[in-house]
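In what follows, every heavy atom counts, from backbone to side chain, and hydrogens, waters and symmetry copies are set aside. Note that the structure is predicted; figures quoted are calculated from it, not measured.
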Amino acid sequence: MVLGNPYDFAVILDVVDTWNIADSYSFYNGILAFYIDGYIFPNKMVNATLGSEVPNLVKQFSQISINEKLFDMNKEEAFLKIHHITFPEDIDNDCRYEITPYCFGDINCCVFAVSNGQQVRVLASCLEYSLEEGRHKMDNVEIAEAFISVDEMEEIISKLEKQLSQQKLLNEIKHN
């Protein structure tokens, strides 16, 4: 299922039946990916536990912070600034701009969003992690970005909630 416009921003999700135990659909293992400006994230297949990923996305998408200064920066500067806010070297993480699904983080794909009140700007990159430094390498980072209206984001949220409720209903039917 594609939620949104893949040329701008879209969420792709679907349960893969063969990845689930027939009588236990509480986790809903499946596919989760984002299209951002026509590019797919992550850039390789991951198994997503949709039963936890979808509610988390609804929460993250519903709480996108407004920051006009970050919203107006060029994409490289904005991504680096938000990454530093989210993953600082010396203090606790500030995740108010992070919309990275858990399964993306496992392969070092970072997705951030910031709003100006009317639009949402999504920035994403798959980064390389340096074990020696204990940090992402931030040299020559390729960043995808998309701009969508707040109304478009609310429509995606609504469709995610509907998908989650349908999956819960499917689970109830299979167990009765």
Audit row: Phe71, Ile66, side-chain contact (heavy atoms from CB on, under 4.5 Å) steps and yes/no: CA-CA 8 Å; Phe71 188 89; Ile66 295 174; over 6 Å; no
Heavy-atom closest pair, residues Leu32 and Pro101: CD2-CB, 3.7 Å
Pair listing, ring-ring contact (aromatic ring centres under 6.0 Å, His included) test, anchored in residues 107-127, at least two apart: Phe79-Phe112
Nearest non-hydrogen partners of Pro6 and Gly4, listed with the distance: CD-O, 3.5 Å
Greater than 12 external heavy atoms within 6.0 Å of Lys75's NZ: yes
Expected output: side-chain Glu53 to main-chain Cys103 donor-acceptor under 3.5 Å: yes
Pairwise side-chain contact, Met1 with Asp14, heavy-atom cut-off 4.5 Å (strictly under): no
ILVMFWY cluster membership beyond Ile12 - transitive side-chain contacts under 4.5 angstrom: Val2, Tyr35, Ile40
Phe61 atom CZ, over 12 foreign heavy atoms within 6.0 Å: yes
Asn67 CG to Ser115 OG distance, which is reported to the nearest 0.5 Å: 10.0 Å
Straight-line distance of His83 NE2 to Leu123 CG, nearest 0.5 Å: 12.5 Å
Heavy-atom donor-acceptor pair, Thr100 side chain to Val111 backbone, under 3.5 Å: yes
Any residue meeting side-chain hydrogen bond (donor to acceptor under 3.5 Å, both in side chains) with Asp37, in chain and number order, not counting sequence neighbours: none
Centroid separation Phe9 to Phe41 less than 6.0 Å: no
Check against side-chain contact (heavy atoms from CB on, under 4.5 Å), Tyr97 and Leu70: CA-CA 10 Å; Tyr97 303 106; Leu70 283 173; 3.5 Å; yes
Shared hydrophobic cluster for Tyr39 and Leu3 (ILVMFWY, side-chain gaps under 4.5 Å): yes
Cys126/Cys110 sulfur gamma separation below 2.5 Å: no
Joint hydrophobic cluster, Ile143 plus Phe147, side-chain heavy atoms closer than 4.5 Å: yes
Separation between CD1 of Ile64 and CZ of Arg121, rounded to the nearest 0.5 Å: 13.5 Å
Euclidean distance, Ser65 OG relative to Asp94 CG, rounded to 0.5 Å: 7.5 Å
Whether Asn29 side chain and Trp19 backbone form a donor-acceptor pair below 3.5 Å: yes
Flag if over 12 foreign heavy atoms under 6.0 Å of OH, Tyr7: no
Intermediate values then yes/no, side-chain contact (heavy atoms from CB on, under 4.5 Å), Ile157 and Met153: CA-CA 6 Å; Ile157 293 166; Met153 182 58 84; 4.1 Å; yes
Atom pair CD (Glu154) and CD1 (Ile156), whose distance is rounded to the nearest 0.5 Å: 11.0 Å
Closest contact, heavy atoms only, Leu13 versus Gln163: CD1-CG, 3.5 Å
Cluster link Ile31 to Val11, ILVMFWY, side chain under 4.5 Å: no
Connected via hydrophobic side-chain network under 4.5 Å: Val58 and Val150: yes
Atom pair CD1/CZ of Ile82 and Arg96 - distance to nearest 0.5 Å: 9.5 Å
Connected via hydrophobic side-chain network under 4.5 Å: Val16 and Met45: yes
